[in-house]
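Heads up, the thing below is written out as structure tokens.
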Amino acid sequence: MSELEKLPKGAYKPNETEKEILKYWLDNKFYSPEFTSEETFSTARKGENRETYTNILPPPNANGNLHLGHMSGYAYQDLMGRYQRMRGKKVLLLPGKDHAGIQTEVVFEKELEKQGTSKLEIGRESFYDKCFDFCMENGRIAREQEQNLGLSADFDRELFTLDPNIVDEVLQTFVDMYNDKLIYRSKRLINWCVRCQSALADIDTEYKDSETEFFYFKYGSTSPSEYALHVRDTYAGKEVEVKIERYKGMEYTGKDGKTIEWEFDYYGEIEGDINPADGKNLDVILLGFEEGLKPGTVVKGKAVGIMMRMDGDYKLMVINENNKDLKMYKEFGWHFDHFSKYFAGVHIREFEKQPEDHYYTDGVILGTVRPETKFGDTAIAVHPDDKRYEDLVGKEMEVATLNGPAMIKVIADESIDPEFGSGAMKVTPAHAPDDWDIAMRHPEVMPEKQVINFDGKLNHLAGKYEGMGVKEAREAMIPDMEKSGILVRLDRGYKNRIQICERCKHQIEPLISYQWFLDTAPLKAKAKQLVQNDVTNIMPEGKENVYLNWMDTPEDWCITRQLWWGYRVPVWYKVQPEEYITETGEVKEKIGDKIIENLDDYSDMIHVGQESPGEGWVQDEDVLDTWFSSGQWPVVTLAANGDDFAEFYPTQVMETGWDILIFWVTRMMLLCPYKTSKLLGKEFDDLKEEDIAPFKDVYLHGLVLDKNGSKMSKSKGNGIDPFEMMQKYGTDALRLSFIVGNKVGQNYRLYEEKIQNFRNYCNKIWNVSKFTLMNLEGFTALSIERPELPFEKEDLEMLEHIETLAADSTTRMESFNFGVAANELYESVWHTFADIYLEQVKQRIYTKDRDGNPINTSKEAQESRKAAQWVLWKSLDTYLRLLHPFIPFITERIWKAFPKVEGESSTLLYAQWPN
RNA sequence: GAGCAUGUAGCUCAACUGGCAGAGCAUUCGCUUGACGUGCGAAAGGUUAUAGGUUCAAGUCCUAUCAUGCUCACCA
């Protein structure tokens with residue numbers, strides 16, 4: 001009799017037990033799907049054909065320690081795996097580690113800094129090697145921690161994303177996609193992180209609320225316009241138009257004695273109002289304004305006011321009903337900014353309702369938060385239906401800039417919101433995503449003018465601001481613009497959001513650059529379909545919309561990064577391409593002497609393939625986006641290992657945190673079907689959806705929060721160290737604390753008291769088991785079927801309870817209701833079995849009284865005792881099986897000591913799940 | 001702007017397809033009963049966010065509102 005066959009006295013001691021049990025599992029290679037047993041009741045019986053169950057585990061980043069989040073994921077993945085093993089499946093939980101491109105590069109750069117060196121100092125090759133070693137060491141520690149958690153993954157199969165086999169597969173995908181014209185090199189607006197010195201995909205950036213200045217510029221026309229003033233708007237449901245011709249008609253003598261002629265050309269219609277000029281129903285109320293009234297008061301039909309610009313200043317002109325003449329009412333010598341708040345533009349407006357300022361002059365006023373990009377403006381865009389600017393569309397106007405006059409085109413585009421600001425927007429294709437999109441629709445506004453360099457500083461196009469950083473330049477420009485009159489207004493405290501680098505939190509600079517892109521449209525269509533057709537099922541259901549929504553967002557995925565850590569792009573050039581900015585601000589690429597004008601220009605200059613085409617060719621300097629490889633992880637891990645792909649793909653479950661649904665799950669759904677079709681050598685569309693979907697179910701667990709519901713983080717210091725908890729309360733207790741009462745996709749709070757409570761629970765199981773085993777003395781009637789014995793009412797109730805419990809548990813497990821399953825087990829063991837049934841049978845099961853005298857000696861009593869014993873045995877047997885996926889260590893330990901029927905699996909891993 | 005989730009005892013959370021609102025922690029009282037004080041027994045604690053509706057029956061389904069959190073898009 002080995003030591004393990006007895007349960008030692010005293011409280012449950014997890015640390016020693018876990019060590020023994022872990023060794024037992026690892027030594028016997030139970031985690032391998034290839035494990036088989038001779039035992040009759042083992043679910044891995046030799047020779048039996050078993051269905052596979054595969055879960056490719058999300059590989060943690062190999063640049064740091066595992067945290068609570070990883071551990072909770074493992075708890076779920078492992079419980080599913082253990083459950084499926086007990087259901088008779090051939091289970092593969094495949095572990096891995098991720099090189100985590102940019103993140104690791106940032107982390108390791110800091111590491112080098114600590115060592116007093118830098119990546120530039122040690123060079124690319126050495127950086128790569130050292131970073132590789134760094135990841136290997138982290139990976140080793142992580143593996144140990146995973147094993148200590150009881151994760152029953154096949155560690156012999158563990159892979160790292162930069163393992164040669166994996167690299168081959170991933171790069172081959174790049175090559176295939178290039179040949180299929182899904183991947184292409186192109187010049188586009190990209191997110192540029194000035195600190196990381198790399199392009200980033202949209203998803204690698206996030207937004208931060210910010211307060212900034214909002215600048216209004218006057219793009220006044222210097223070319224003669226037909227009208228001095230031209231206004232359109234609606235008033236009282238009617239369209240109103242006023243044009244005032246320049247230098248014609250009426251006369252006005254200004255203070256300075258100068259005489260200017262003016263004439264009303266036309267002034268609209270408002271029903272019910274009389275035109276004072278001719279008494280007809282034709283009039284316009286421009287401004288309710290009358291001598292003696294406060295500015296801003298609307299007096300309909302009584303007075304007409306027009307604000308106009310004369311002699312470079314703004315004047316208000318008024319008609320009143322008694323005076324048919326237009327006369328100068330008042331001169332406004334002060335700043336536009338000041339009086340515009342009273343008049344809100346020149347046309348009719350209900351001031352209380354719409355206090356927004358609108359400016360109409362013979363030019364255009366527009367707003368921006370980034371005046372420093374003004375040097376890169378190539379157009380002004382307005383909405384096509386916006387009558388205010390109708391006459392300007394298609395024309396080119398001369399505008400004043402800080403670097404002197406410049407010509408600028410006016411275009412009409414549907415994307416412009418006429419309600420926002422003045423309804424006119426400056427178009428800067430090189431420095432704003434929307435502007436780039438507009439430029440793509442209006443080739444006439446190209447080429448771009450890129451005024452910011454990759455180092456984040458303004459270039460030669462910025463004139464005297466050249467060499468300044470973005471912020472610095474903005475500060476410097478404000479007084480200059482004010483002085484020149486270009487800046488007509490400046491609002492502070494404007495709220496917007498700035499785009500920042502997800503990793504280093506530096507502000508993103510949208511720039512134009514030549515990069516490699518992946519056309520996601522066809523892949524997204526497929527990925528969307530797979531979920532819509534329920535081939536892949538996302539849990540919780542609510543997240544399905546998030547997924548579908550994302551699949552509807554068009555994207556040219558920039559997959560190249562200007563980093564050293566990762567997969568080097570499998571592209572070779574005759575000469576390394578060189579990107580530069582021309583005199584006029586155009587971004588161009590040169591390969592040798594050849595300037596790239598369009599995609600075809602590349603054809604004889606580059607070679608796409610894993611191997612160099614020969615002497616003199618140089619490899620692309622860039623590396624691939626880490627999500628490009630992670631997105632293929634479920635396929636390439638299996639493909640990299642012999643027949644695994646054929647046997648274990650597609651997989652059953654993807655278990656991960658909901659926070660990386662968009663980052664990772666979506667990418668896998670994009671890339672895996674494509675890669676699968678390549679591996680099977682068939683066309684994408686010729687394959688059944690079931691065969692290309694990388695997994696059937698996506699289970700997204702919630703995030704672990706602290707006691708107050710906030711995210712755990714190193715900086716807040718509110719994190720719980722999972723390894724300390726395992727040490728203190730046992731691994732099983734920690735695992736339960738991730739599961740019990742938690743729902744899919746729901747964040748949950750974790751704190752020490754909770755874990756402590758589950759430690760208590762494990763101890764309860766321990767004691768219940770000790771009690772049961774010590775009272776099974778002389779018990780030999782081992783049979784799985786209920787024997788003929790004089791069962792009492794309490795026995796039958798217990799048996800019925802345990803049967804219902806088992807059936808319920810199965811339902812819960814099948815429907816991914818792990819939290820409920822664990823909770824019911826908790827209740828049942830503690831309150832039904834321990835508190836009620838055990839107390840009920842005590843008097844029947846004891847063989848001695850308190851004084852040590854024999855009791856229950858009659859034949860009848862003995863039979864009753866046997867009945868109770870069988871129920872105890874059966875109950876504990878069932879509990880151990882049902883509990884095993886949740887708390888593997890303690891259950892396996894008790895199972896060792898538990899009397900089993902002939903041919904029973906000696907390890908609980910392969911014991912049959914009660915049905 | 002679009003979408004999702006959540007709101008239940010003092011706190012943290014359960015309640016599968018509608019079917020007697022439950023646990024843990026905390027509180028109060030009582031127990032060294034031969035597995036267990038990391039325990040046992042008992043008590044107290046609720047108009048299930050609000051207002052309507054459907055139903056024999058609503059925490060659960062429908063409508064509206066409020067509050068909190070999140071995601072996506074836009075923000076010139």
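Here the structure is a predicted model, which means the values were calculated and not measured. Below, chain A is the first sequence line, B the second, and so on; all start at residue 1.
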Practice task
Mark up nucleotides 30-41 of chain B, 5' to 3', with B wherever a protein heavy atom is under 4.0 angstrom from a base atom, S wherever such an atom reaches only the sugar-phosphate, and - elsewhere.
Solution key: ----BBB-BSSS

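Side chain to side chain, A:N775 and A:Y846 fail the donor-acceptor criterion of an N or O pair below 3.5 Å.
Residues A:E502 and A:I203 approach most closely at OE1-O, 4.5 Å, considering heavy atoms. Considering all non-hydrogen atoms of both residues, A:A733 and A:I755 come closest at CB-O, 3.8 Å. Closest non-hydrogen pair, A:I438 versus A:I416, comes out as CD1-CD1, 4.1 Å.
The gap from the P atom of B:rG7 to that of B:rA43 amounts to 29 Å, rounded to the nearest Å. One C1' atom belongs to B:rC36, the other to B:rU48, and the distance between them is 36 Å to the nearest Å. Distance noted for atom P between B:rU32 and B:rG18: 49 Å (whole Å). To the nearest whole angstrom, the two C1' atoms, one in B:rA35 and one in B:rA67, are 49 Å apart.
Salt bridge present: A:R667 and A:E555 bring a charged side-chain N and a carboxylate O closer than 4.0 Å. Between A:R812 and A:E824, at least one side-chain nitrogen of the basic residue sits less than 4.0 Å from a carboxylate oxygen of the acidic one, meeting the salt-bridge criterion. A salt bridge is defined here as a Lys NZ or Arg NE, NH1 or NH2 lying under 4.0 Å from an Asp or Glu carboxylate O, and A:E16 with A:R893 fails to meet this definition.
Of the possible polar contacts, none joining the A:R474 side chain to the A:E372 backbone as a donor-acceptor pair under 3.5 Å is found. Side-chain atoms of A:K449 never come within 3.5 Å of backbone atoms of A:A430 as a donor-acceptor pair (strictly under, hydrogens ignored).
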Produce the list of close N/O pairs, under 3.5 Å, pairing protein atoms with atoms of nucleotides 14-21 of chain B; give distances to one decimal.
residue: B:rA14; atom: O5'; partner: A:G741; partner atom: O; Å: 3.2

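Comparing A:L705 and A:M425 against RNA chain B, the residue whose closest nucleotide sits nearer the 5' end is A:L705. Along RNA chain B, the nucleotide nearest A:V369 and the nucleotide nearest A:E827 are compared for position; the residue whose nucleotide lies closer to the 5' end is A:E827.
Exactly one residue among A:T832, A:I845, A:V768 makes a side chain to side chain contact (heavy atoms under 4.5 Å, CB included) with A:L838. That residue is A:V768.
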Practice task
Under 3.5 Å for both distances, Watson-Crick or G-U wobble, that's the pair rule; now give the dot-bracket for RNA chain B, with | marking pairs to another strand and [ ] for crossing ones.
Solution key: (((((((..((((.....[..)))).(((((.......))))).....(((((..]....))))))))))))....

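Nucleic acid contact for A:I662: none, since no nucleic acid atom lies under 4.0 Å from a heavy atom of the residue.
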Exercise for the section: Please step through side-chain hydrogen bond (donor to acceptor under 3.5 Å, both in side chains) for the pair A:Y83 and A:E814, ending with a clear verdict. Expected result: CA-CA 10 Å; A:Y83 168 72; A:E814 289 296 325; 2.5 Å; yes

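The CD1 atom of A:I438 sits 12 Å away from the P atom of B:rC74 (whole-angstrom rounding). Computed from coordinates, the A:N747 CG to B:rG69 C1' distance equals 9 Å when rounded to whole Å.
Proximity of residues 539-547 of chain A to RNA chain B (heavy atom under 4.0 angstrom from any strand atom) is restricted to A:G542, A:N545, A:V546.
Evaluation of the salt bridge (Lys or Arg N to Asp or Glu O under 4.0 Å) test over residues 742-752 of chain A, restricted to residues two or more places apart or in two chains, returns A:K728-A:E752.
The phosphate of B:rC13 has OP1 or OP2 within less than 4.0 Å of a side-chain N or O from A:R749.
Every residue was checked against the side chain to side chain donor-acceptor pair (under 3.5 Å) condition with A:N823, not counting sequence neighbours, and none meets it.
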